2 protein chains.
Amino acid sequence: MSRSTETAPRTVWIDPDDPTAVLAIEQRLLPFEYEEVSIRTADEMAAAIADMVVRGAGCIGVSAGYGMYLAALEARDLSGDDADDYLRRAGAVLEASRPTAVNLTWAVQRQLRELVGIDHGDERLAKARQVADAIADEDVAMCAAIGQHGLEVIREIHERTGRTVNIMTHCNAGWLAFVSHGTATAPMYAAFDAGIPIHVWVSETRPRNQGARLTAWELGQHGVPHTLIADNAAGHLMQHGQVDLIIVGSDRTTVNGDVANKIGTYMKAIAADDNGVPFYAALPSSTFDPTLRDGVANIPIEERDATEVTNATAWFEGHQIEPRVAAPGTEAVNFGFDVTPARLVTGIISERGISEASEESILALYPEFAASLPSPE
Amino acid sequence: MSRSTETAPRTVWIDPDDPTAVLAIEQRLLPFEYEEVSIRTADEMAAAIADMVVRGAGCIGVSAGYGMYLAALEARDLSGDDADDYLRRAGAVLEASRPTAVNLTWAVQRQLRELVGIDHGDERLAKARQVADAIADEDVAMCAAIGQHGLEVIREIHERTGRTVNIMTHCNAGWLAFVSHGTATAPMYAAFDAGIPIHVWVSETRPRNQGARLTAWELGQHGVPHTLIADNAAGHLMQHGQVDLIIVGSDRTTVNGDVANKIGTYMKAIAADDNGVPFYAALPSSTFDPTLRDGVANIPIEERDATEVTNATAWFEGHQIEPRVAAPGTEAVNFGFDVTPARLVTGIISERGISEASEESILALYPEFAASLPSPE
């Protein structure tokens, strides 16, 4: 089984021409402008994470790893407690940049475990670079593995039908949110690279339009055929046989297979169910929350600023603007996520393989979850 | 049973201060600006219809009726064949202004049947005004009757639950598309006017945002509590018990109760079905197409310009603009409507009453359809 090539470039990486700097894609300008920013200090990296220059669970974890590399550069001439204190302070600033992102803390703590106590600055710097690259490479390998498992689902459909496989996705669980490949998009890139003819229906994903802005852009960068639709059109396409499967990402998945993901995912899942379309969630196994059953009842749903609904992010006369699209004075509510019950989920694709959306099948692939299960209901 | 008061103003009416002019709400500026335009000739009315100053099935039929009133004003000094020819030419221009609108032809022909052959200009003008007002009043009465029938559904829910009734709608089947009341909105206005506490979830209805722009605006004008949501949030709200019923309009309804309506309606209907939420379509009986069964297979779906999906209509620095919201170069498809199968429709509300979405129930309320049925399948 051949590994698909990486989607390129990575979202964050050490500048090959100047290893005292880390380069990152300036994601706030996408898709209207492509720009790489040079980040030279750990504080600048913390600001880049806080300001969402880099965003997405995988991507910000890796960015924090490189942030600690920059801290090790700054601490190169320090030793002993001075060096350790410097690294710890830099790590605390990085961890505070997006308080709820678990990957961030995980990456910073992993670096600190390796770096604290190394007295020699150059040795410490070399280790920091090695750990940062390892975090990035592991993220890439994980997404690539998701891609290879998902590829087999796409290949089976293609071999059965003998025609282009139409895949629908929602939001952006793409390489921009990780380092390369992405999660929901990884099987698409793998199938495309394997020469299987595919076409992707990209839902715009109001209110923040991550589909229209990011997924459409990154599929285009890789040359994958795709078509943008209003979220409202998903059901019509499925009803008329235009969708062979759906692959979405997930922000949190319960041990029985309920999938929390971007608002609107649940409506796609019921439309898939109504039309016999397979519905998959692709996610790193770290997304599972084995302490929860019944995601609809137990996963809290973030309510975001209503202006995301009353306004749109758009591009006008060379500028990114956020003009109002709703009637003046109208109030809105803005739920960030919804929960798709396991009964609507055909399968869950992680780096370990594909499980059914049931506690039995999930525990078979992730036996370590048995220690964390909630008490039976 | 008291009739609910009209929503105000009407969408088109004779200027009470100057009966040589017809006033209409300039709907292209809504919801950002409210302006009434004065229309003084039949040709100006044809242009207003063509340019969508006035829009919506009921509203343009009534506008055409008033257009013929303006033609009768212009022909006041003519008699005999000269007068008849003038009216016929004016009617042809009005009919051509929106070629697919059946209401337009119907209103023009109704005026011509009454006016052709009246030799005296003042008598002809009085008749034209009488017919135009009758067309408008009949539209208002039809929408009011839909409101009264739908009111009973809302009242039953309120009496059973004892709390505010949460109603969800999609797109704009409101008074702006008719003369007053609207169809899907008529039961909401009737319930509100009857003192039943209601709250309306308004889906923005991408890509053209008729919900965010028009429905939100007109509910606000009447003082009806409402909240705007992204289309993607409809399922989440139903899943969490926040929706008591859905009422939408329809552009075409088959004799077995399949409902064609704005794209996205079908996804709301399956979410309603998944959560036990009643789903109603409210429509004038003229919307039925008794010659069709199986709307999913047989109702053609209009494909509209892709720029409606890649761009948004918005308000920025005092101007209405249509900025791009999708990645540069991304292509889109744009289906205007979808079909909700009868199995998902709880009931159909017309001016005659409420029927189930089945051929038997529909034929019981509309026995005249029996003559037009398609051959059995």
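Note that this is a predicted model, so its numbers are computed, not measured. Atoms considered below: every heavy atom in the structure, side chains included; atoms not considered: hydrogens, waters and symmetry mates. Naming: A, B, ... by sequence-line order, numbering from 1 per chain.
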Legend entry - Asn256(A) (side chain) donor-acceptor with Ala357(A) (main chain) under 3.5 angstrom: no
Inset, instruction - Look at the side chain of Asp338(A) and the backbone N and O of Tyr266(A), then say whether any donor-acceptor pair between them is shorter than 3.5 Å. - result: yes
Legend entry - Per-residue contact mode, Ala234(B) against chain A (heavy atom under 4.5 angstrom): both
Legend entry - Pairs of heavy atoms under 4.5 Å with chain B: top-ranked of Arg343(A), Glu317(A), Lys262(A): Arg343(A)
Legend entry - N/O donor-acceptor pair under 3.5 Å between Thr11(B) side chain and Phe178(B) backbone: yes
Legend entry - Set of residues satisfying side-chain contact (heavy atoms from CB on, under 4.5 Å) with respect to Ala184(A), sequence neighbours excluded: Thr169(A), Ala173(A), Ile247(A)
Inset, instruction - Find the one option among Leu30(B), Thr310(B), Ile301(B) whose heavy-atom pairs under 4.5 Å with chain A are most numerous. - result: Ile301(B)
Legend entry - Best-contacting candidate, Gly329(A), Gly264(A), Ala271(A), against chain B by heavy atom pairs under 4.5 angstrom: Gly264(A)
Inset, instruction - Would you mind listing every ring pair (Phe, Tyr, Trp, His ring centres under 6.0 Å) that reaches into residues 299-342 of chain A, with sequence neighbours excluded? - result: Phe32(A)-Trp315(A), Phe335(A)-His236(B)
Inset, instruction - Could you look at Glu204(B) and say if it's the side chain, the backbone, both or neither that has a heavy atom under 4.5 Å from chain A? - result: side chain
Legend entry - Ser250(A)-Thr253(A) side chain donor-acceptor pair, cut-off 3.5 Å: yes
Legend entry - Separation of Gln320(B) CD from Leu29(B) CG (nearest 0.5 Å): 7.0 Å
Legend entry - Close contacts, residues 273-281 of chain A versus chain B, judged by heavy atoms under 4.5 Å: Asp274(A), Asn275(A)
Inset, instruction - Please confirm whether the backbone N or O of Val165(B) pairs with a side-chain atom of Asp244(B), one donor and one acceptor, at under 3.5 Å? - result: no
Legend entry - Side-chain heavy-atom pair Glu322(B), Thr307(B) within 4.5 angstrom cut-off: no
Inset, instruction - Against chain A, label Leu237(B) side chain, backbone, both or neither, depending on which of its atoms sit under 4.5 Å from a heavy atom there. - result: side chain
Legend entry - Atom pair SG (Cys59(A)) and CD1 (Ile25(A)), whose distance is rounded to the nearest 0.5 Å: 8.0 Å
Inset, instruction - Among Ile229(B), Leu344(B), Val202(B), Val296(B), single out the residue with the greatest number of heavy-atom pairs under 4.5 Å to chain A. - result: Val296(B)
Legend entry - Side-chain heavy-atom pair Glu36(A), Glu26(A) within 4.5 angstrom cut-off: no
Legend entry - Gap separating the CG atom of Asn166(A) from the CD1 atom of Ile198(A), nearest 0.5 angstrom: 9.5 Å
Inset, instruction - Return the option, out of Asn311(B), Val325(B), Val339(B), Asn334(B), with the maximum number of heavy-atom pairs under 4.5 Å with chain A. - result: Val325(B)
Inset, instruction - Examine distances only and state if a side-chain atom of Asp258(B) and a backbone atom of Pro341(B) form a donor-acceptor pair shorter than 3.5 Å. - result: no
Legend entry - Contact origin within Thr313(B) toward chain A - heavy atom pairs under 4.5 Å: backbone
Inset, instruction - Against chain A, work out which of Gln239(B), Met238(B), Glu308(B) has the most heavy-atom pairs shorter than 4.5 Å and name it. - result: Gln239(B)
Inset, instruction - Sort out for me which residue in Ile263(B), Ile246(B), Val248(B) forms a side chain to side chain contact (heavy atoms under 4.5 Å, CB included) with His170(B). - result: Val248(B)
Inset, instruction - Give me the contact list for residues 205-220 of chain A versus chain B, heavy atoms only, anything under 4.5 Å, ordered by residue number. - result: Thr205(A), Arg206(A), Pro207(A), Asn209(A), Ala212(A), Arg213(A), Ala216(A), Trp217(A)
